[in-house]
There are 2 protein chains.
Amino acid sequence: MRRTKEDAAKTREEVLTAAAEIFYENGVSGSSLEKIAQRAGVTRGAIYWHFKDKAEVLTALHREIRLPQEAIVDYAIEHGHDDPLGLIEQGAIEVLHILANDEHQQRVFAIMILGCEFTEHLSDAAQRIITANEEMFGKLQKLIEMADQQGTLASRWTINAAARALQCSMNGLFAEWLRSGKSFPLVDVGDRLVRSLVGSMRHGGAGN
Amino acid sequence: MRRTKEDAAKTREEVLTAAAEIFYENGVSGSSLEKIAQRAGVTRGAIYWHFKDKAEVLTALHREIRLPQEAIVDYAIEHGHDDPLGLIEQGAIEVLHILANDEHQQRVFAIMILGCEFTEHLSDAAQRIITANEEMFGKLQKLIEMADQQGTLASRWTINAAARALQCSMNGLFAEWLRSGKSFPLVDVGDRLVRSLVGSMRHGGAGN
DNA sequence: ATATTTACAATCATTCATGTATGTTTGTAT
DNA sequence: ATACAAACATACATGAATGATTGTAAATAT
């Protein structure tokens, strides 16, 4: 029953989508490779062929999604730096729309935030998430520093506090939205939240 | 080896503190009752005497943490308040100080937020957490509604959006602080965040 | 055409956590 | 003094998940 290379890649993808479903339903630790295999229509042998163990399946899932925070920063970098705060605002709102419409990213993101245990001795996948988060924070920090050097950062904010506040609010917004089963309009709430926060960070602008 | 009632209550407490440690280190699903028993200096028999199963140990931990600020909010809802937004701001900042100084609450919070899997078919403990969160949201909503009826809610905010934004920001703040290993000053960042947000919600105030 | 991988399936042994059942000691009520 | 029940410890039975091994049919290289 040897398959061609395309077939193999297909089963690999099917395993990953099945894993996303099972992980989402039962949590990572509550999901056995047997269940994932059944959902994918293969046996555990196939999974062990493509991945070393369950943790590697999880990291593979994580590699698939671009974290929304990264998208924020990418947007800002792409569109120049004449108004860093404005770009952060626009980028954040852009990401809201993207995440609100991409169900697969929602599911994988939900797994990472809600269905995955962050422990003291972190797993490989959890470590990747934390690292990505820290990188995003660093980039946010630099953008806000640019705003500060332009004199557009309100005096009530420090660079670090502003970057943290944005990071926490965005992550909290996504997490709460997913945890609540998308029970509130993400874009609507997020839009007001981002505009208010960034507005309060603007020197001479609102909130100072 | 029958113990007196005080002895029994003591071992129960020791089991709970041990459980908090083990859960924090390994995550909930990664912790066996055997490990918890060893840490507590008892056998699994003792744990099964005091609790039905692991889930009940977790809910017992969750019952322990009750934010003192809830009482303040309850009082305000019952008796009304001349400045609901100010009360929210004050209460939130107070909670920041409390949480920043109570290591046990931090640990239990970290377990609930980071070391516990929220799945589709929720466990008993996870359901309790979600319920508590929803109750908190409801109270926030009522307070903001009071502010709206007094005409102090800025027109850029709706009642629901404002309550959600506050909830998401605060939860995100705590989660990020704990996940980062308390790598940033919680009170400092939180103080600026809360004041900016509530400020933007105040009619005629900052951020409108 | 043959050899050699590839891409799995099937089976097996082992570990590990759980739940339960039972034993044992000691407070406590009478 | 005795009976009973509380507060555990000990032992066992079970099932589930894992990782490893082996089998195998087809694709691909030579």
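What you see below is based on every heavy atom in this structure, not just the backbone, and it leaves out hydrogens, waters and symmetry mates. The chains referred to below are lettered A, B, ... by the order of the sequence lines, with proteins before strands, and numbering in each begins at 1. Note that the coordinates shown come from a computational prediction; the quantities given were computed from them, not determined experimentally.
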Original post:
Which whole-number value in Å describes the distance from A:Glu14 CD to C:dA7 P?
Top reply: 15 Å

Original post:
Does B:Trp49 make a side-chain N or O approach to OP1 or OP2 of D:dA7 shorter than 4.0 Å?
Top reply: yes

Subject >> Spacing of B:Lys5 atom NZ relative to C:dG27 atom C1', expressed in whole Å >> reply: 11 Å

**OP:** Using atom CD1 of B:Ile36 as one end and atom P of C:dA17 as the other, report the distance to the nearest whole Å.
**Re:** 11 Å

**OP:** Can you sort out the partners of B:His97 under side-chain hydrogen bond (donor to acceptor under 3.5 Å, both in side chains), two or more places apart, ordered by chain and number?
**Re:** none

Original post:
By side-chain hydrogen bond (donor to acceptor under 3.5 Å, both in side chains), which residues pair with B:Asp7, not counting sequence neighbours?
Top reply: none

Subject >> Separation of atom CD in B:Glu6 from atom C1' in D:dA7, rounded to whole Å >> reply: 13 Å

Original post:
Just how far, in rounded Å, is P of C:dA9 from CD of A:Gln38?
Top reply: 12 Å

Which protein N or O atoms sit under 3.5 Å from an N or O of nucleotides 15-22 of chain D?
from: D:dT18; atom 1: OP2; to: A:Leu33; atom 2: N; distance (Å): 3.1
from: D:dG19; atom 1: OP2; to: A:Tyr48; atom 2: OH; distance (Å): 2.7
from: D:dG19; atom 1: N7; to: A:Arg44; atom 2: NH2; distance (Å): 2.6
from: D:dG19; atom 1: O6; to: A:Arg44; atom 2: NH2; distance (Å): 2.9

**OP:** Applying side-chain hydrogen bond (donor to acceptor under 3.5 Å, both in side chains), name anything that partners B:Glu103, two or more places apart in sequence or on another chain.
**Re:** none

**OP:** Could you tell me whether the side chains of B:Gln38 and B:Glu34 share a donor-acceptor contact shorter than 3.5 Å?
**Re:** yes

Original post:
Tell me: CZ of A:Arg12 to P of C:dT6, nearest whole Å?
Top reply: 16 Å

Original post:
So, is B:Thr4 close to the C:dT26 phosphate, meaning a side-chain N or O under 4.0 Å from OP1 or OP2?
Top reply: no

Original post:
Any salt bridge (charged side-chain N to carboxylate O under 4.0 Å, His left out) pairs touching residues 175-186 of chain B, not counting sequence neighbours?
Top reply: B:Glu176-B:Arg179

Subject >> Any A:His50 side-chain nitrogen or oxygen under 4.0 Å from OP1 or OP2 of C:dC8 >> reply: yes

Original post:
What residues, two or more places apart in sequence or in another chain, satisfy side-chain hydrogen bond (donor to acceptor under 3.5 Å, both in side chains) together with B:Gln149?
Top reply: none

